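Please read these numbers as outputs of a predicted model, since none were measured by experiment.
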Amino acid sequence: MSSPVTTYKNMLVTAAGTAFSRILGLFRDLLTASFFGTSGVAGAFIIAFQIPNLFRRLLGEGALTSAFMPAITQERELGGNARAFRFLNQVLTRMVPWILLIMVVFVVAALAIAYLPDSVLRGVAGFFGTESAGSADEIERYRLAAKLTAFCMPYMPMICVAAVFTAALNMLGKFAVTALSAVWLNLAMIFSLGVLGWLFGETPEQRVAWLCAGALFGGFLQLAIPAIALWRNGWRAKPDLATTESWGKLKTMFVPAVIGAGVNQLNIFMTRFLAFSLDERAIAVYYYANRVVEIPVGIFSVTVTTVVFPLLAGYAAAKDMKSLGATFAHGVRLILGINVPAMVGIIVLARPLVFAFFEHGNFGESDTDLTVPVLCIFACAVPFYAVSGIVGRVFNSLKDTKIQMRSGILAFCVNLVLVPLLGWHFGACGLAAANLVAAISQCAMLLIVLRRRERVLFAEPMISALLKVVAASAVMGVAASWLWDVAFRLISGALTVGATYPLLSTVLGFVVVVPIAVAIYFVALKLLRFQECDELLSIFLRKILKRKERSSENGK
């Protein structure tokens with residue numbers, strides 16, 4: 001198994017790559033907001049790109065890879081890389097024809113919907129939307145969403161296969177390629193919209209078509225680069241229909257995992273489709289707010305779970321429950337130590353965050369006003385999503401995907417009741433609140449069941465760590481709020497800018513306030529003797545000393 005230092009290095013590599021991709025993703029969303037604002041074109045693209053991404057999370061990054069990682073890890077332990085690569089080929093041989101068939105079915109269905117009579121589309125809009133639904137503009141919005149869905153669907157098979165490739169690379173310890181996967185997608189979409197769409201697109205519809213083309217090229221890069229990395233490590237693509245014990249176990253785990261991941265993704269799609277149907281602006285507001293909170297979840301939570309998951313799978317395969325419990329507790333403490341202060345920081349600085357990221361071009365102040373409360377509600381769900389992710393990985397390592405299926409069904413039922421009820425009354429805020437309650441319910445169920453089944457995994461302290469994190473985050477939040485008011489007034493006065501939130505003053509405010517707030521948080525953690533704080537600091541200092549030693553040796 002990997003040493004703690006190696007694990008941290010892998011986390012740092014993954015975090016750096018993921019952070020870069022998230023920054024590019026935010027810039028991509030900034031461009032999208034600037035070009036399309038909260039218009040119907042923006043909503044149509046969000047729905048269209050959501051559908052192939054639904055299958056990506058279901059068949060790629062979700063059910064299949066969750067069941068695939070323990071199986072391929074066991075194959076490698078039994079026969080090395082050669083046996084693991086044979087198993088990879090067996091999975092791909094069975095997987096690829098099915099996902100291509102699904103793509104064709106959805107392309108045909110989307111094109112059929114795009115050319116339905118106006119009366120049928122008006123009935124659909126009236127059923128899901130508000131009393132004013134069914135206008136000519138809304139019907140065209142539905143048609144555009146269907147056409148863009150057909151355009152974007154080829155992204156689905158590429159990214160599903162790419163997700164399996166990156167899981168195999170994680171098994172090999174090649175985390176850098178995995179961390180950079182989304183970078184290629186975001187770069188392609190940024191170039192396609194920001195350069196090609198700007199130069200050659202005369203209407204919003206033409207520019208959004210360029211954005212979709214960028215997504216397809218980005219998907220090709222996401223597929224090709226991990227494939228090349230695997231080829232360099234000895235993998236060769238070869239059809240293989242052989243049936244092995246690991247394949248049988250994978251099938252057994254896959255079906256419950258599909259149901260569990262499927263209801264989660266159906267939750268997301270149902271919520272976004274209802275937002276799309278409520279009014280022209282609701283889905284864009286919902287989407288942009290959700291993208292901001294994906295920063296801590298995407299960079300840190302995914303980083304921790306990505307690096308910890310192979311360790312969990314290895315300890316589970318070796319039946320080393322003590323090490324499994326220590327790794328799980330370690331991952332939970334890291335996730336809480338990052339996501340709780342992230343939640344507090346997002347809530348405290350919600351308005352300047354939305355302004356800095358999105359209020360440009362066609363995204364105006366009224367859009368910011370709508371987005372800020374939705375963002376605050378989403379922020380409250382960040383720790384629950386993060387903890388659910390690592391608990392789910394523990395169940396996957398134990399080759400139990402049924403509990404995730406049941407927790408997903410619970411979250412789906414909660415959403416099914418609350419999304420229409422709260423959405424129709426409170427708009428995008430109601431949708432976010434429904435998602436929050438569903439996230440809390442799912443996280444609670446996973447933790448309760450895991451504790452009942454495997455009490456040994458909870459031998460190390462986690463509640464005390466949570467209390468320390470909450471206390472330090474509260475101190476940071478109060479300090480950040482006060483610092484923002486002081487720093488922003490001083491900066492605005494020095495720059496003699498009269499606007500309420502001028503961009504330069506806001507950016508400089510972040511430059512001043514965020515590092516101080518983070519420092520206050522870590523000082524508070526240090527005073528409270530948070531275990532992971534000490535470990536991170538010791539590793540950081542050790543790396544600095546090593547660099548100094550190298551420099552002194554080179555100077556001799």
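Residues Cys380 and Met343 share a closest heavy-atom pair of CA-SD, 3.7 Å. Scanning both residues, Phe458 and Leu447, for their nearest heavy atoms gives CZ-O, 4.1 Å. A pairwise comparison of heavy atoms in Ala434 and Leu422 identifies N-CD1, 4.0 Å as the closest pair. Annotation for Trp484 and Gly509: closest pair CZ3-C, 3.4 Å, computed over non-hydrogen atoms. Closest approach of Cys376 to Ala350, counting heavy atoms only: SG-CB, 3.7 Å. The two residues Ile283 and Gly43 make their nearest non-hydrogen contact at CG2-CA, 3.4 Å.
Distance check: Arg333 CZ to Ile390 CD1 gives 10.5 Å after rounding to the nearest 0.5 Å. Leu431 CG to Ile377 CD1: the interatomic distance, rounded to the nearest 0.5 Å, is 9.5 Å. Annotation: the span from Ser473 atom OG to Leu336 atom CG amounts to 9.5 Å, rounded to 0.5 Å. Interatomic distance, His330 NE2 to Thr327 OG1, rounded to the nearest 0.5 Å: 8.0 Å. We find the OG-CD1 distance between Ser181 and Ile159 to be 5.0 Å, quoted to the nearest 0.5 Å. In this structure, Thr38 OG1 and Tyr287 OH are separated by 14.5 Å, a value rounded to the nearest 0.5 Å.
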Exercise for the section: Output, in order, the C-alpha distance, side-chain angles, deciding distance and verdict of side-chain contact (heavy atoms from CB on, under 4.5 Å) for Phe27 and Ile23. Expected result: CA-CA 6 Å; Phe27 185 68; Ile23 291 169; 5.8 Å; no

Problem - Residues Phe363, Thr368; criterion side-chain contact (heavy atoms from CB on, under 4.5 Å); working and verdict - result: CA-CA 8 Å; Phe363 193 103; Thr368 298; 3.6 Å; yes

Practice task
Take Met189 and Leu24 through the test side-chain contact (heavy atoms from CB on, under 4.5 Å) and record every step on the way to the result.
Solution key: CA-CA 10 Å; Met189 294 178 75; Leu24 288 174; over 6 Å; no

Exercise for the section: Could you walk me through whether Leu353 and Phe358 pass side-chain contact (heavy atoms from CB on, under 4.5 Å), step by step? Expected result: CA-CA 8 Å; Leu353 278 170; Phe358 301 119; over 6 Å; no

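Ser481 contributes no side-chain N or O that, together with a main-chain N or O of Gly477, makes up a donor-acceptor pair within less than 3.5 Å. Side-chain atoms of Lys468 do not come within 3.5 Å of backbone N or O of Phe530 as any donor-acceptor pair. A donor-acceptor contact shorter than 3.5 Å links the side chain of Thr166 to the backbone of Ala163. Counting only distance, with no hydrogens or angles, the side chain of Asn53 and the backbone of Phe49 share a donor-acceptor pair below 3.5 Å. Using modelled atom types, one side-chain atom of Ser441 and one backbone atom of Val437 make a donor-acceptor pair closer than 3.5 Å.
Residues that satisfy the salt bridge (Lys or Arg N to Asp or Glu O under 4.0 Å) test with Arg291, not counting sequence neighbours, are Asp29, Glu294. Residues passing the ring-ring contact (aromatic ring centres under 6.0 Å, His included) test with Phe426: none are found, sequence neighbours excluded. For Ser464, the side chain to side chain donor-acceptor pair (under 3.5 Å) criterion is met by no residue, not counting sequence neighbours. With sequence neighbours excluded, the residues that form a salt bridge (Lys or Arg N to Asp or Glu O under 4.0 Å) with Arg453 are Asp400.
Side-chain atoms of Met445 and Ile403, non-hydrogen and from C-beta on, do get closer than 4.5 Å to each other. At a threshold of 4.5 Å between non-hydrogen side-chain atoms, the residues Phe36 and Asn362 do not count as touching. In this structure, the side chains of Gln442 and Leu410 stay at 4.5 Å or more apart for every pair of heavy atoms. Residues Val419 and Asn435 are in side-chain contact: their nearest non-hydrogen atoms beyond the backbone lie under 4.5 Å apart. With contacts defined as side-chain heavy-atom distances shorter than 4.5 Å, the pair Thr32/Tyr288 qualifies. Under the 4.5 Å side-chain criterion, counting only non-hydrogen atoms from C-beta, Leu370 is not in contact with Val374. Residues Leu324 and Met321 form a side-chain contact, since some pair of their non-hydrogen atoms from C-beta on lies under 4.5 Å apart. Contact check for Met476 versus Val348: no side-chain heavy atoms found under the 4.5 Å cut-off.
Between Tyr286 and Phe378, the ring centre distance stays below 6.0 Å.
In this structure, Phe355 and His360 have tilted ring planes: the angle between them lies in the 30° to 60° band.
Pairs of residues two or more places apart, or lying in two chains, that qualify as salt bridge (charged side-chain N to carboxylate O under 4.0 Å, His left out) and include a residue from residues 354-367 are Arg281-Asp367.
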Distance-only check: which donor-acceptor pairs under 3.5 Å involve side-chain atoms of residues 510-519, not counting sequence neighbours?
none

